[in-house]
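The structure under discussion appears below in the form of structure tokens.
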Number of protein chains: 2
Amino acid sequence: MSCLFTEYLLNRYGFRMGRPIRTRRQATLASLAAELGVSRTTVSNAYNRPDQLSPELRRRVLETARRLGYPGPDPVARSLRTRKAGAVGLLLTENLSYAFRDPAAVGVLEGLALACEDAGVGLHLVPASPGHEDVAAVHRAGVDGFVVYSVPDDDPHLAAVLQRPVPTVIIDQPRIDGVDRVGPDDAAAVANIANHLVELGHRQIGVLCMRLARERNDGFVTLERQSNAHFHVQRLRLEALAAAFSLAGVDWANVPVVERFDHTVDEGASAARQLLDANPQVTALICTSDILALGALAEAERRGLHVPGDLTVTGFDGIAEAERIGLTTVHQPVLEKGKAAGKLLLGASERVTPKIITLPTELRVGRTSGPPRTAEERWFGP
Amino acid sequence: MSCLFTEYLLNRYGFRMGRPIRTRRQATLASLAAELGVSRTTVSNAYNRPDQLSPELRRRVLETARRLGYPGPDPVARSLRTRKAGAVGLLLTENLSYAFRDPAAVGVLEGLALACEDAGVGLHLVPASPGHEDVAAVHRAGVDGFVVYSVPDDDPHLAAVLQRPVPTVIIDQPRIDGVDRVGPDDAAAVANIANHLVELGHRQIGVLCMRLARERNDGFVTLERQSNAHFHVQRLRLEALAAAFSLAGVDWANVPVVERFDHTVDEGASAARQLLDANPQVTALICTSDILALGALAEAERRGLHVPGDLTVTGFDGIAEAERIGLTTVHQPVLEKGKAAGKLLLGASERVTPKIITLPTELRVGRTSGPPRTAEERWFGP
DNA sequence: GTGAAAGCGCTAACAC
DNA sequence: GTGTTAGCGCTTTCAC
């Protein structure tokens with residue numbers, strides 16, 4: 001341990017235990033070569049092509065490097081020369097906490113990280129502040145490609161990414177012609193859940209959805225805002241719901257839809273409260289994410305509503321906690337989504353035609369959906 | 001949108017819609033300068049020091065850049081020149097899934113990411129495969145510093161990090177002299193929970209803990225393995241428990257401790273099963289993480305044990321789900337941990353004396369701990 | 001098996 | 001306000 005410590009000081013400050021060495025951090029491949037009386041090529045080879053040296057010479061090089069506190073070839077200089085950064089960038093705009101608090105997003109992140117790990121490349125999280133239009137961070141990122149996860153179609157960071165001369169893969173949204181994309185079959189997924197509710201007999205429904213644009217609008221959503229949503233996944237889900245319920249005779253214009261900017265369980269609860277306060281007749285609450293659904297369940301409990309007797313609640317994503325409590329939801333393979341994006345990107349160097357990967361989803365009926373009670377049952381018990 | 005598409009193709013492949021341009025990707029700061037008949041400095045200034053140019057000239061430069069498909073200064077070349085990578089590396093060895101499945105780890109990640117975002121620097125996840133001793137990834141990472149999160153003290157990646165001439169901050173473990181560290185006051189935290197259980201009257205206890213070393217050992221843990229653990233946080237927690245219960249007259253040598261390599265709810269359940277099968281007399285299960293505790297609760301339910309009547313279960317970390325279900329646990333400010341590490345690192349350039357930050361923890365008594373039932377009560381009801 | 005030469009693309013003094 | 005000069009530290013043909 002003490003050895004690690006000593007070396008750390010030596011490398012970081014250029015001295016051992018208070019005894020300063022000539023100059024702080026000067027060792028370089030060239031200086032090492034000079035010290036050894038060999039050429040820079042040889043030193044470089046000692047690190048990158050061990051088979052091009054005699055083992056003995058190599059040992060000497062490494063040994064001297066150690067003595068001089070040379071930490072090996074500088075990664076940045078190497079990247080410049082080889083034109084490979086050894087990292088892929090990840091852009092997830094609009095509030096980092098959004099990403100890390102959502103297990104579905106974390107799943108994507110994990111999948112992507114695994115794919116990167118397999119390929120031995122780093123994953124560079126681009127600092128894209130929320131309001132802050134600090135596009136510079138995108139320009140500053142030394143990466144061989146970008147993965148963009150679920151951003152609005154008018155995101156300036158996205159525009160900056162597309163300007164960079166490297167391949168890009170978009171997960172979920174937005175859809176851009178000519179750019180690789182990985183996403184679930186949203187329309188089918190939502191149709192599934194809608195049909196499930198229709199068959200159970202629900203006609204009085206309400207919807208809780210995530211943000212539809214970059215500006216905050218915590219409250220009811222007009223039809224216009226629904227169809228102008230800049231997050232096309234949310235737009236698509238609403239459209240699919242509208243289609244399915246219209247077919248069942250429900251007038252979509254009368255279906256209350258409540259939006260939340262922040263994606264948290266608490267916001268889900270408050271959204272449910274807002275919706276139910278104004279529409280107590282609702283028998284089913286469709287949420288466009290499990291997180292929101294978890295909040296809706298909490299609110300149902302607070303109101304003393306029995307689920308699913310008094311209120312059916314459904315989610316979207318299939319996160320672990322939802323599964324543990326038996327939430328009816330649409331499961332999507334988030335890990336695979338991230339992995340697929342990673343693989344697509346890492347293999348994208350040569351391809352010219354863009355690739356679209358659509359992942360399957362699965363309706364998982366749990367304990368939170370059931371037929372609505374009749375008014376009679378509601379008053380007099382089942 | 002179509003505009004984005006066109007530009008993307010132009011930048012990535014060097015042509016517009018199938019019409020190839022001279023050579024694929026040649027535009028560079030120098031070529032731009034040549035085209036414009038100005039010096040490279042001027043072009044550089046157009047991007048980095050807008051105040052050093054006439055607005056008119058700057059407009060012309062940017063306009064020409066756009067026409068030529070010049071995507072702005074190459075980040076890697078810039079990094080080489082400025083000696084700033086604009087990113088910090090994060091090392092979390094030993095299975096990435098471990099990190100992403102554990103909300104406590106995700107919290108740290110989030111905090112760190114927020115700190116980076118504030119500073120406008122990227123967060124570079126170093127691909128450190130589990131068994132794979134691919135230390136090269138550490139050497140290849142173009143970063144200005146490293147944060148190391150909870151790795152064993154004999155981790156080769158850690159050794160490689162300390163060899164790099166950049167500042168380093170370690171979160172949780174290991175402790176290394178001379179290296180900055182951020183962590184909770186583990187000993188106090190564990191003592192708290194131990195005293196809570198002692199006061200409730202528990203003397204027949206069992207412990208579920210996370211991996212203690214790099215090799216897998218799913219099962220009971222000898223005293224020797226406990227005191228040789230390479231993850232000092234786990235070692236410390238066990239030692240603190242031993243101290244507290246010994247004081248209460250419990251012979252620690254007889255306390256069953258079950259270890260799990262993988263950190264998942266399912267493994268927590270199986271560990272609980274293994275422990276309770278062999279020690280049915282146990283009245284309290286102390287888990288060194290909430291994840292394991294969640295599993296223990298599931299197993300208790302499966303066995304028909306009433307919590308806390310038949311079995312008390314405690315966790316560690318204070319993750320959101322634990323809070324929602326009322327788990328008795330020790331809460332630690334994971335987000336702050338990540339943030340503190342980030343700030344420490346980002347401000348570390350000038351400091352020479354190492355800094356240790358200890359974060360407070362808090363015992364949160366929930367619904368899963370209570371006094372043990374007497375044998376009589378167990379058979380005949382409360 | 002080893003070395004010399006030629007940059008990768010950029011920024012930062014400092015002079016004009 | 002603009003240009004000249006020097007590298008940042010490395011890899012990579014291609015001769016020897």
Side-chain angles (χ1 to χ4, degrees), chain A residues 11 23-61 65 68-86 136 139-144 164-166, chain B residues 11 23-61 65 68-86 136 139-144 164-166:
Chain A
N11 292 318
T23 129
R24 164 175 170 159
R25 271 265 53 238
Q26 28 65 296
T28 160
L29 191 141
S31 72
L32 220 193
E35 169 87 17
L36 279 157
V38 302
S39 86
R40 274 141 50 196
T41 310
T42 303
V43 178
S44 175
N45 282 339
Y47 285 95
N48 304 317
R49 291 175 160 61
D51 51 315
Q52 303 286 299
L53 272 76
S54 66
E56 163 54 17
L57 177 54
R58 174 154 197 261
R59 203 196 48 67
R60 251 184 70 216
V61 172
L68 259 55
Y70 174 66
D74 179 286
V76 175
R78 168 188 273 162
S79 287
L80 176 59
R81 187 58 240 237
T82 58
R83 317 222 42 77
K84 281 254 141 275
H139 291 129
R140 233 189 293 277
V143 298
D144 301 318
R164 291 275 307 261
V166 293
Chain B
N11 291 320
T23 127
R24 166 177 172 156
R25 273 263 52 242
Q26 26 66 295
T28 159
L29 190 140
S31 73
L32 220 193
E35 170 87 17
L36 279 158
V38 301
S39 86
R40 275 141 47 195
T41 309
T42 303
V43 178
S44 176
N45 282 339
Y47 285 95
N48 303 318
R49 289 172 160 64
D51 52 313
Q52 301 288 300
L53 275 75
S54 66
E56 163 55 16
L57 179 55
R58 173 153 197 263
R59 205 197 47 66
R60 252 184 69 217
V61 173
L68 260 53
Y70 175 66
D74 179 288
V76 174
R78 167 188 276 162
S79 287
L80 176 59
R81 186 60 241 236
T82 59
R83 319 220 42 80
K84 281 255 140 275
H139 291 128
R140 234 188 294 276
V143 299
D144 301 318
R164 292 275 306 261
V166 293

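Computed over heavy atoms, backbone and side chain alike; hydrogens, waters and symmetry mates excluded. The sequence lines fix the lettering, A, B, ..., with proteins before strands; numbering per chain opens at 1.
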(request) Have a look at A:V76 and say if it touches a base, only the backbone sugar-phosphate, or nothing, with a 4.0 Å heavy-atom cut-off. (result) nothing
(request) Would you kindly give the CG-to-C1' distance between B:N45 and D:dT4, to the nearest whole Å? (result) 14 Å
(message) Rounding to an integer number of Å, can you tell me how far A:D51 CG sits from C:dT2 C1'?
(response) 14 Å
(request) Working to the nearest 0.5 Å, report the span between OG1 of A:T41 and CG of A:N48. (result) 11.5 Å
(message) I want to check something: taking the side chain as every heavy atom from C-beta on, are B:V166 and B:D144 in contact at a cut-off of under 4.5 Å?
(response) no
(message) Treating primed atoms plus P, OP1 and OP2 as sugar-phosphate and everything else as base, which nucleotides of nucleotides 10-16 of chain C get B, S or - for protein heavy atoms under 4.0 Å?
(response) BBBB---
(message) How many whole angstroms separate atom CG of A:L36 from atom P of C:dG3?
(response) 10 Å
(message) If the condition is side chain to side chain contact (heavy atoms under 4.5 Å, CB included), which residues does B:R140 pass it with, not counting sequence neighbours?
(response) A:R78, B:A136
(request) Mind checking side chain to side chain contact (heavy atoms under 4.5 Å, CB included) for A:R40 and listing every partner two or more places apart, or none if nothing turns up? (result) A:L29, A:A30, A:A33
(message) Measure CZ/B:R83 against P/D:dG7 and give the value in whole Å, please.
(response) 15 Å
(message) Strictly below 4.0 Å, N to O, side chains only: are B:R58 and B:D51 in salt-bridge contact?
(response) no
(message) Counting only side-chain nitrogens and oxygens, does B:S39 get under 4.0 Å of the OP1 or OP2 atom of D:dT2?
(response) no
(request) Round to a whole Å and report the spacing from CZ of B:R58 to P of D:dT2. (result) 13 Å
(request) Using atom CG of B:L53 as one end and atom P of D:dT2 as the other, report the distance to the nearest whole Å. (result) 6 Å
(message) Check this for me: does any side-chain nitrogen of one of B:D74 and A:R83 sit under 4.0 Å from a carboxylate oxygen of the other?
(response) yes
